[in-house]
Amino acid sequence: SLPGSTNVQAAREALNTKVDAGGSGGATGDVRGYEHIQSSASLLWTIIHNKSSFRATTTIYDSNWEVILPESIKIIDNNTVLVSFLSPIAGRAMVLVF
């Protein structure tokens, strides 16, 4: 852990570095984020992040900021993630794109 860093973004800024994406496929190594707010409860969340990358990781939070595990998370295309639940839920998703 980094002193004074309270989250991933703070740690990244403290390091002032980039993630090495490695491999091929045009990855720049930059990590970009997108926050999706789902104010109405739904079985399916369509998250359009518009970051032009298939390299995306998504974390889902309920309205109390607790991490919840959806039924599935599927990358539809390089700008869209589809999250499905067993019952309707509202909350937010944090998408990190590499």
Side-chain angles (χ1 to χ4, degrees):
S1 85
L2 294 170
S5 297
T6 57
N7 59 41
V8 172
Q9 182 63 33
R12 183 173 179 264
E13 290 171 2
L15 288 171
N16 193 23
T17 189
K18 295 180 179 183
V19 173
D20 180 8
S24 61
T28 64
D30 289 329
V31 177
R32 294 163 286 148
Y34 175 77
E35 179 179 23
H36 171 83
I37 298 174
Q38 185 72 38
S39 54
S40 59
S42 180
L43 287 171
L44 293 174
W45 295 7
T46 301
I47 302 169
I48 302 171
H49 56 75
N50 286 322
K51 301 295 182 187
S52 297
S53 178
F54 284 95
R55 294 179 175 94
T57 182
T58 305
T59 305
I60 309 297
Y61 297 88
D62 66 13
S63 56
N64 294 318
W65 282 100
E66 292 196 38
V67 173
I68 54 174
L69 299 176
E71 177 68 15
S72 70
I73 298 174
K74 182 177 182 180
I75 297 173
I76 301 300
D77 60 34
N78 66 345
N79 291 308
T80 311
V81 176
L82 183 65
V83 181
S84 64
F85 300 92
L86 292 176
S87 59
I89 190 159
R92 64 186 66 223
M94 302 299 184
V95 181
L96 294 179
V97 180
F98 301 86

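Numbering of residues begins at 1 and proceeds along the displayed sequence.
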| Distance, nearest 0.5 Å, that separates CZ of F85 from CG of L69 | 9.5 Å
| query | Should I73 and I68 be counted in the same cluster of Ile, Leu, Val, Met, Phe, Trp and Tyr side chains packed under 4.5 Å apart? | reply | yes
| remark: Those residues at least two apart in sequence (or on a different chain) that pass side chain to side chain contact (heavy atoms under 4.5 Å, CB included) with S63 are none
| query | Which pairs with one or both residues in residues 43-54 pass side-chain hydrogen bond (donor to acceptor under 3.5 Å, both in side chains), sequence neighbours excluded? | reply | none
| Any salt bridge (charged side-chain N to carboxylate O under 4.0 Å, His left out) pairs touching residues 64-73, not counting sequence neighbours? | none
| Do V83 and I89 belong to the same hydrophobic cluster, where Ile, Leu, Val, Met, Phe, Trp and Tyr are linked whenever their side-chain heavy atoms lie under 4.5 Å apart, directly or via other members? | yes
| said: Give me the atom names and distance for the closest heavy-atom approach of S84 to P70. | reply: O-CB, 3.3 Å
| said: Would you say L96 ends up clustered with Y34 if hydrophobic residues are merged whenever their side chains have heavy atoms under 4.5 Å apart, either directly or through other cluster members? | reply: no
| request: Report the hydrophobic cluster partners of L44, with the cluster defined as I, L, V, M, F, W, Y residues connected by side-chain heavy atoms closer than 4.5 angstrom, directly or transitively. | output: I76, L82
| message | Applying side-chain hydrogen bond (donor to acceptor under 3.5 Å, both in side chains), can you list everything that pairs with S39, at least two apart in sequence or on another chain? | response | none
| Where is the tightest heavy-atom contact between A93 and T58, given as atom of each residue plus distance? | CB-CG2, 4.1 Å
| query | Quick one: do F98 and I47 end up in the same hydrophobic cluster if we chain Ile, Leu, Val, Met, Phe, Trp and Tyr together by side-chain heavy atoms under 4.5 Å apart? | reply | no
| query | According to the salt bridge (charged side-chain N to carboxylate O under 4.0 Å, His left out) rule, which pairs have a member within residues 85-98, sequence neighbours left out? | reply | E35-R92
| said: My understanding is that only residues two or more places apart in sequence, or in another chain, count here; which of them pass side-chain hydrogen bond (donor to acceptor under 3.5 Å, both in side chains) with N64? | reply: none
| query | Pairs in or reaching into residues 74-87: which pass salt bridge (charged side-chain N to carboxylate O under 4.0 Å, His left out), with residues at least two apart or in two chains? | reply | none
| field | Under the ring-ring contact (aromatic ring centres under 6.0 Å, His included) test, residues paired with Y61 that sit two or more places apart | value | W65
